[in-house]
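Reminder, nothing fancy here: chain letters follow the sequence lines and each chain counts from 1. Predicted model, so just to flag it, every value in this text is computed and none were measured.
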2 protein chains.
Amino acid sequence: METPNAAELLAALGHESRLSVFRLLVEAGPEGIVASAIGDRLGLPPATLSFHLAHLSRVGLIRGQKESRFIRYCAEYATMDELIAYLTRNCCQGASCLPKTATCDTIAKRRQCAGEGA
Amino acid sequence: METPNAAELLAALGHESRLSVFRLLVEAGPEGIVASAIGDRLGLPPATLSFHLAHLSRVGLIRGQKESRFIRYCAEYATMDELIAYLTRNCCQGASCLPKTATCDTIAKRRQCAGEGA
DNA sequence: ATGATATTTCGACTATTATGGAAACATGGA
DNA sequence: TCCATGTTTCCATAATAGTCGAAATATCAT
């Protein structure tokens, strides 16, 4: 991951298929999902899926890990956190503007991506 | 504004120039800024600026209001709020994952866009 | 009216992104 | 080794997005 700027992250998520992939991975949790399962779930042909997975990986929103002959992808929560933090800072100039997002424990409930921290 | 989905909002912000425009408008506050001033500030030629302003308006992230021969644009905070809320929901599945955004008053500090609510 | 200024629309062009079949590249199992 | 499977890369193509000069439109001032 080469510290992409906010616009790059936003653009990466600004595509229906990629956003769906990301959502699926968040939903899947730290376990992650194998690429082909994502393709099945979203009905994307292998080449197209690979293209989008590569894009999301490049900007650091997801991470893939080889697992025998599969590749298991999982969401990189930290990157998303940074993005949300950026938007929040940017939208509110420091003050919070999130009436809809009342949950605000500062818990560092860090999820480990399966096999992270090698 | 025709209820754009998250991907559309993300894509709109996923461009360096548009993100800069939006940031500028947030910084400017409820007053907003006149289009030409944005162009001066960011060094964008009129046609290009107009294109991006139209895009941001279309998805409801900004709003323009004619003011004699100028058009004064201001950020639509509500739309951004919704986007952040969506991402937060989506990133965290309900639980907060925002260690960096500790400010969390639920104040409905609603900013009125100059001349809003007509 | 005429001219100056602000903004958009038009139009032509360039650049970037997306799509997906087919071939190549693993990897695991018989 | 040979085949089946998962994934990527290659490639050609299609589709979309971005750029910006110039013309059009709007509004104000004189």
Side-chain angles (χ1 to χ4, degrees), chain A residues 4-25 28 31-74 113-115, chain B residues 4-25 28 31-74 113-115:
Chain A
N5 56 23
E8 275 181 325
L9 293 177
L10 290 163
L13 293 171
H15 184 282
E16 207 60 69
S17 298
R18 282 191 299 266
L19 186 57
S20 298
V21 167
F22 186 79
R23 297 223 290 147
L24 203 58
L25 289 179
E31 300 280 310
I33 325 182
V34 138
S36 51
I38 301 173
D40 290 351
R41 232 16 180 46
L42 302 179
L44 296 172
T48 303
L49 176 64
S50 192
F51 172 79
H52 291 307
L53 288 172
H55 190 160
L56 288 168
S57 295
R58 185 163 41 76
V59 302
L61 277 164
I62 69 174
R63 206 155 58 85
Q65 169 143 6
K66 204 144 198 184
E67 193 171 276
S68 97
R69 122 186 69 161
F70 308 84
I71 298 181
R72 180 172 297 272
Y73 284 93
C74 66
C113 198
Chain B
N5 56 26
E8 275 180 326
L9 293 177
L10 291 163
L13 292 171
H15 184 281
E16 207 60 69
S17 298
R18 282 191 300 266
L19 186 57
S20 298
V21 167
F22 186 78
R23 296 223 292 146
L24 202 58
L25 289 179
E31 300 278 312
I33 325 183
V34 138
S36 51
I38 301 173
D40 290 351
R41 227 30 173 41
L42 303 180
L44 295 172
T48 303
L49 176 63
S50 192
F51 172 80
H52 291 306
L53 288 172
H55 190 159
L56 288 168
S57 294
R58 186 161 42 74
V59 302
L61 277 163
I62 69 173
R63 205 156 58 84
Q65 169 143 7
K66 204 145 198 183
E67 194 171 275
S68 100
R69 120 186 69 160
F70 308 84
I71 298 181
R72 181 171 297 272
Y73 284 94
C74 66
C113 197

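- Contact check, B:H52 against D:dT19: a side-chain N or O comes under 4.0 Å of OP1 or OP2.
- Closest-nucleotide positions on DNA chain D for B:L44 and A:L53 were compared, and the one nearer the 5' end corresponds to A:L53.
- Distance from the side chain of B:F70 is smallest to C:dT7 among C:dA18, C:dT7, C:dG21.
- Base contact: B:P46 has a heavy atom under 4.0 Å from a base atom.
- Protein atom CG of B:D40 is 13 Å distant from nucleotide atom P of C:dT5, rounded to whole Å.
- If you take CD1 of B:I38 and P of C:dT7, they are 8 Å apart, rounded to a whole angstrom.
- Look at CG on B:L49: it is 17 Å from C1' on D:dA22, rounded to the nearest Å.
- Within 4.0 Å of B:F51, counting heavy atoms only, lies at least one base atom of the nucleic acid.
- Formation of a donor-acceptor pair under 3.5 Å by the A:R18 side chain with backbone atoms of A:A12 is found in this model.
- For the pair B:S20 (side chain) and B:E16 (backbone), a donor-acceptor distance under 3.5 Å is present.
- Distance from the side chain of B:I71 is smallest for C:dT7 among the nucleotides D:dG21, C:dT7, D:dT8.
- Proximity of a side-chain donor or acceptor of A:R63 to a complementary backbone N or O of A:C74 within less than 3.5 Å is not detected.
- Residue B:S36 is classed as a sugar-phosphate contact, given heavy-atom separations below 4.0 Å to backbone atoms only.
- Counting to the nearest Å, the C1' atom of C:dA18 and the CG atom of A:L19 are 16 Å from each other.
- At least one donor-acceptor pair closer than 3.5 Å links the side chain of B:S57 to the backbone N or O of B:L53.
- Proximity of a side-chain donor or acceptor of A:S50 to a complementary backbone N or O of A:P46 within less than 3.5 Å is not detected.
- As judged by a 4.0 angstrom heavy-atom cut-off over every strand, B:A35 is placed among residues touching the sugar-phosphate backbone only.
- Considering CZ of A:F51 and OG of A:S17, their distance stands at 10.0 Å, rounded to 0.5 Å.
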Output a table of nitrogen or oxygen pairs between the protein and nucleotides 27-30 of chain C separated by less than 3.5 Å.
none

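- Checking the phosphate oxygens (OP1, OP2) of D:dT19, no side-chain nitrogen or oxygen of B:T48 falls inside 4.0 Å.
- In this structure, CD1 on A:I62 lies 6.0 Å from OH on A:Y73, to the nearest 0.5 angstrom.
- A sub-4.0 Å separation between OP1 or OP2 of D:dG18 and a side-chain N or O of B:R18 is present.
- A close approach under 4.0 Å does occur between a side-chain nitrogen or oxygen of B:Y73 and OP1 or OP2 of C:dT8.
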